[in-house]
Amino acid sequence: MFKRADQGPGVLGNTASLSMEHAVAAGPLSARLASATHSLRRIDWIPDLGTEVGSLRWFRGLATCAALCFGALYVGPGIKPLYGAVPRVADNKAWQETRSLAVQPLALGSDSGRRMAPTPAAVFINNIPERPTLDLVATIGQGDGFARVLARAGVSDAEATRIAQMVSSVVNPADIPSGTAMPIVLGPRINTADARPVQSLDLRARFDMRLEFRRLGGELLLKKIPIAIDKSPLRIQGVVGDGLYRSARAAGAPPKAIEAYIKAIAPNINFDRDLTPDARFDIIVENERAETGEVRSGRLLYAGLQASERTYQLLEWTIDGRTEWYEASGVGQRRASFVMPVQSARISSGFGWRVHPILGYSKFHQGMDYAAVVGTPVYAVADGLVSFAGRHGGNGNYIRLNHSSILGTSYSHLSRIVVDPGSRVAQGQLIGYVGTTGFSTGPHLHFEVFKNGVPVNPAGVSFATTSLLSGGALDAFNARRRALLSIPVAGSR
């Protein structure tokens, strides 16, 4: 028995020492073999070729790597190609049969993906006869020319122009709505180089008119076929429920009519307070129904609402060239908001006290200045009467508008005036152009608002106009309203 510490530097080292001692005891030859073996074991045969490049140890490792590679290649099997059977080249018959079963026939007009190759019984002919007639449908595109549509369909230019002239005698071709389809039948050619002649053509030229072209005896004749139209207005009633728009659409009201209805009643009601679920709407719109089944809706004629224990009856009426919505009492409901006198202009000076740019001392500025280049259009902020238009001292070219017995506006330093005194102007109408006439340091518009003749801050004024029907106009208005209310509700006839 012995302790681990007695083994010396290591088990292997001790063993090697013992072996050498036994080899010396055995004889000199054995000692030399043992010494050589021990030396070989100390040699590193697989050094890292990435380190000590160029040293003896590195070249020894390189030689070892080369020897191993050579040995692997020497004893390895050879690489020889393996030859298979070569397919024979298909003849024309086999190629046609293969081609008929491939995907290629899809590009040749096949419907099923299979196309049988011709058999020996098939005889190729040089002159293939055309179809006697060709049926097609031409559609008028947006902004398209009528004759150009026919020319694209294969009609000759001369005949397309002739047909367009015949259509023009009934309706303006430009008024035919886009998307209109025209079934066309082209007949056989007289000469192979000529275009096919039109055999027949059908066209819905108007909602109440259909045109038929037929070729008889070599001449193309036009026949007008009127279509009966029922123009009875459409009346729709219902309960607001979960929402006005959704309920009106479910009742059958057209989307455009609902939008116009909401705009008509908006100035009169509070949507959050008055449009309760039990409120009832009453809508009357223009409606045309053709005997062929087509339906076309027009403008809104009447807007009624029963909400919050009050009934609203609004009717569109035109007076003095202006169309407005009026209540049953004849009071107009149009509200005109403030329109900027100069579009996209910068306010260079506001209303109130300021240092005058020319006089150099503080002076009350009675309006607003809009800085703009000379020639910028100036518009009327609301409907009114031109009380003055011309030269006005330090104001230069000057316009004064009276919008009511209380409110008025003025426009100064204009380069040009385009309205006459005593004329009436509409809101947003062009009245002049920006300039720098009069007492001015640069091109701008000096805009003032008067209330009872006293200048007020334009930023605090809201323009609203209301008209009232009276006399014969009110009688005609009420007669029209009673006639519309006598229309039965859709579905109750």
Side-chain angles (χ1 to χ4, degrees), residues 106-111 125-234 254-257 259-260 285-300 321 323:
L106 290 175
L108 302 176
S110 174
D111 295 330
I125 58 177
N126 295 327
N127 296 323
I128 303 175
E130 287 186 330
R131 295 182 187 175
T133 59
L134 182 62
D135 298 344
L136 52 92
V137 177
T139 304
I140 300 177
Q142 186 174 4
D144 212 348
F146 187 81
R148 188 163 59 248
V149 175
L150 297 178
R152 284 201 306 267
V155 181
S156 64
D157 293 340
E159 193 164 41
T161 303
R162 171 60 180 160
I163 295 175
Q165 292 174 351
M166 297 172 69
V167 172
S168 300
S169 63
V170 180
V171 63
N172 185 0
D175 295 337
I176 301 176
S178 59
T180 300
M182 299 182 294
I184 303 175
V185 178
L186 301 179
R189 306 174 193 267
I190 299 176
N191 297 317
T192 56
D194 296 339
R196 287 176 175 265
V198 175
Q199 199 73 23
S200 65
L201 185 149
D202 294 332
L203 171 64
R204 186 71 173 265
R206 288 200 312 253
F207 192 69
D208 61 347
M209 178 71 67
R210 186 166 63 89
L211 302 181
E212 285 187 356
F213 291 87
R214 298 292 183 268
R215 186 172 296 278
L216 297 175
E219 185 179 357
L220 197 62
L221 304 178
L222 170 61
K223 181 181 180 181
K224 295 180 289 185
I225 303 176
I227 301 174
I229 303 295
D230 180 10
K231 297 185 178 180
S232 301
L234 177 65
K256 293 293 184 182
E259 294 175 8
V285 297
E286 290 180 341
N287 189 65
E288 295 180 342
R289 185 179 182 85
E291 63 177 344
T292 53
E294 295 85 2
V295 178
R296 185 172 65 178
S297 299
R299 61 188 181 94
L300 179 68
T323 302

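Worth knowing before you read on, the calculation uses all heavy atoms, side chains too, and leaves out hydrogens, waters and symmetry mates.
Distance CZ/F146 to CD1/I176: 5.0 Å, rounded to 0.5 Å. We find the CG-CD distance between D208 and E291 to be 10.5 Å, quoted to the nearest 0.5 Å. Rounding to the nearest 0.5 Å places CG of L211 at 12.0 Å from NZ of K223. Here CZ of R148 is found 12.0 Å from CG of D157. Values are rounded to the nearest 0.5 Å. Atom CD1 of residue I140 and atom OG of residue S178 lie 8.5 Å apart, to the nearest 0.5 angstrom. A distance of 10.5 Å separates CG in L203 from CD in E212, rounded to the nearest 0.5 Å.
When every heavy atom of V285 is checked against every heavy atom of A257, the shortest pair comes out as CG1-CB, 3.2 Å. Across every non-hydrogen atom of L136 and A153, the tightest pair is CD2-O, 3.6 Å. Here the shortest heavy-atom pairing between L300 and A260 reads CD2-C, 3.6 Å. Summarising the geometry of G154 relative to A195, their closest heavy-atom pair is O-CB, 3.7 Å, with the distance given to 0.1 Å. In terms of heavy atoms, A147 sits closest to A160 at O-CB, 3.7 Å. Minimum heavy-atom separation, L221 to M166: C-CE, 4.3 Å.
The side-chain heavy atoms of S297 and K256, taken from C-beta on, include no pair separated by under 4.5 Å. Within the 4.5 Å cutoff, side-chain heavy atoms of D202 are placed close to those of R214. With a 4.5 Å cut-off on side-chain heavy atoms, V198 and L186 count as touching. With contacts defined as side-chain heavy-atom distances shorter than 4.5 Å, the pair N287/P233 does not qualify.
At distances below 3.5 Å, not a single donor-acceptor pair connects side-chain atoms of R289 with backbone N or O atoms of D230. In terms of modelled atom types and a separation under 3.5 Å, the side chain of R196 and the main chain of G187 share a donor-acceptor contact.
Within a 6.0 Å sphere centred on CG of D135, heavy atoms belonging to other residues, nucleotides or ligands number more than 12. Residue I190 qualifies as open at atom CD1: its count of foreign heavy atoms under 6.0 Å is 12 or below. Other residues, nucleotides and ligands contribute over 12 non-hydrogen atoms within 6.0 Å of the CZ atom of R206.
Tested against R152 for a side-chain contact (heavy atoms from CB on, under 4.5 Å), the candidates V155, V149, L150 yield a single pass: V149.
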Determine, step by step, whether L220 and L201 satisfy the side-chain contact (heavy atoms from CB on, under 4.5 Å) criterion, reporting the C-alpha distance in whole Å, the side-chain angles of both residues, the deciding distance to 0.1 Å, and the verdict.
-> CA-CA 10 Å; L220 197 62; L201 185 149; over 6 Å; no
Begin from the C-alpha positions of M209 and V171 and carry the test side-chain contact (heavy atoms from CB on, under 4.5 Å) through to its verdict.
-> CA-CA 9 Å; M209 178 71 67; V171 63; over 6 Å; no
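F207 carries R204 over the face of its six-membered ring, with the cationic atom under 6.0 Å from the centre and within 45° of the normal.
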